[in-house]
Amino acid sequence: MDRAETTVRKTHCATFSYPSLARGFPMLSRLLAVIVSFAVVLPGGCSARQREMAVLAPLQVMFDGMAHRDATAIKAPWIPGGVLVLVQEGDLSQITIENFANRVATSGTTHIEERIYDPNVRIDHDLAVVWAPFNFFIDGKLDHCGRDLFNLTQKNGRWQIAALAATTRKDCATK
């Protein structure tokens, strides 16, 4: 959808997108966005689940960017200069998000997909961590697995990834 077709309302929990009911009624869609936002925020504030989903959203943006091998999309949810620390069979490597994104975008044409599951999300004001096991697939086949540890910060209501530490191994069970 283009900008004319979507109204976006940011709250302190998450960003909500609302398709316009019709192009000729932008005021109606804005009113709908405000009403829905207040309905979510006023009764009991943001639920823990809503806060967790807001923290997890940038991770999915990065994973989608990886699947499309799009360096710009991979970097979008990161703070500039963010760092990845990868541990594979005792070997440690460190790389900036800029170098990682460019490497993924130019390293081939296979379909890649990372899936996290059972994430453990912890939030304290504008700081969050996500600890989650993951499986990594190449052309639909499980290639490796491990654990991701994401550190995120929130600025102006937007969660951004600051760092990622990950272990990788080949002895995986699909989940």
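What you are looking at is a predicted structure, and each value in this text was computed from that prediction instead of being measured.
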Side chains of [X] and [Y]: donor-acceptor distance under 3.5 Å anywhere?
X	Y	result
Asn102	Glu98	no
Thr153	Arg158	no
Ser107	Arg69	yes

Are the side chains of [X] and [Y] in touch, meaning some heavy atoms are under 4.5 Å apart?
X	Y	value
Val85	Leu92	yes
Pro119	Leu56	yes
Phe100	Met66	yes
Glu113	Asn135	no
Asp148	Ile116	yes

Determine whether [X] and [Y] fall in the same hydrophobic cluster, where Ile, Leu, Val, Met, Phe, Trp and Tyr are linked whenever their side-chain heavy atoms lie under 4.5 Å apart.
X	Y	value
Val55	Trp131	no
Val129	Val61	no
Leu149	Met62	no
Trp78	Ile112	yes

With a distance cut-off below 6.0 Å to the six-membered ring centre and an angular limit of 45° from the axis, does Arg115 pair with Phe134 as a cation-pi contact?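 So Arg115 doesn't make the cation-pi contact.
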
Between [X] and [Y], which heavy-atom pair has the shortest distance, and what is it?
X	Y	value
Ile161	Leu152	CG1-CD2, 4.0 Å
Pro133	Asp118	CD-O, 4.0 Å
Pro58	Ala54	CD-O, 3.3 Å
Ala132	Tyr117	CB-O, 4.0 Å
Pro77	Ile74	CD-O, 3.3 Å

Mind checking the [atom1]-[atom2] spacing from [X] to [Y]? Nearest 0.5 Å is all I need.
X	Y	atom1	atom2	answer
His111	Asp139	NE2	CG	8.0 Å
Ile138	Glu114	CD1	CD	11.5 Å
Arg103	Leu84	CZ	CG	9.5 Å
Lys141	Phe136	NZ	CZ	15.5 Å
Leu164	Phe150	CG	CZ	4.5 Å
Leu142	Cys172	CG	SG	4.5 Å

Keeping the roles fixed (side chain from [X], backbone from [Y]), state whether a donor-acceptor pair exists under 3.5 Å.
X	Y	answer
Asp70	Ala73	yes
Thr167	Val87	no
Gln50	Ser47	yes
Lys75	Ile97	no

Please step through side chain to side chain contact (heavy atoms under 4.5 Å, CB included) for the pair Trp159 and Ile123, ending with a clear verdict. CA-CA 11 Å; Trp159 286 102; Ile123 304 166; 4.0 Å; yes

With the threshold set at 4.0 Å, does a side-chain nitrogen-carboxylate oxygen contact exist between Arg169 and Asp171?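 Looking at Arg169 and Asp171, the cut-off is met.
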
Inspect the surroundings of NE2 in His144 and state if more than 12 heavy atoms from other residues, nucleotides or ligands are less than 6.0 Å away.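 It does: His144 NE2 has more than 12 such atoms within range.
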
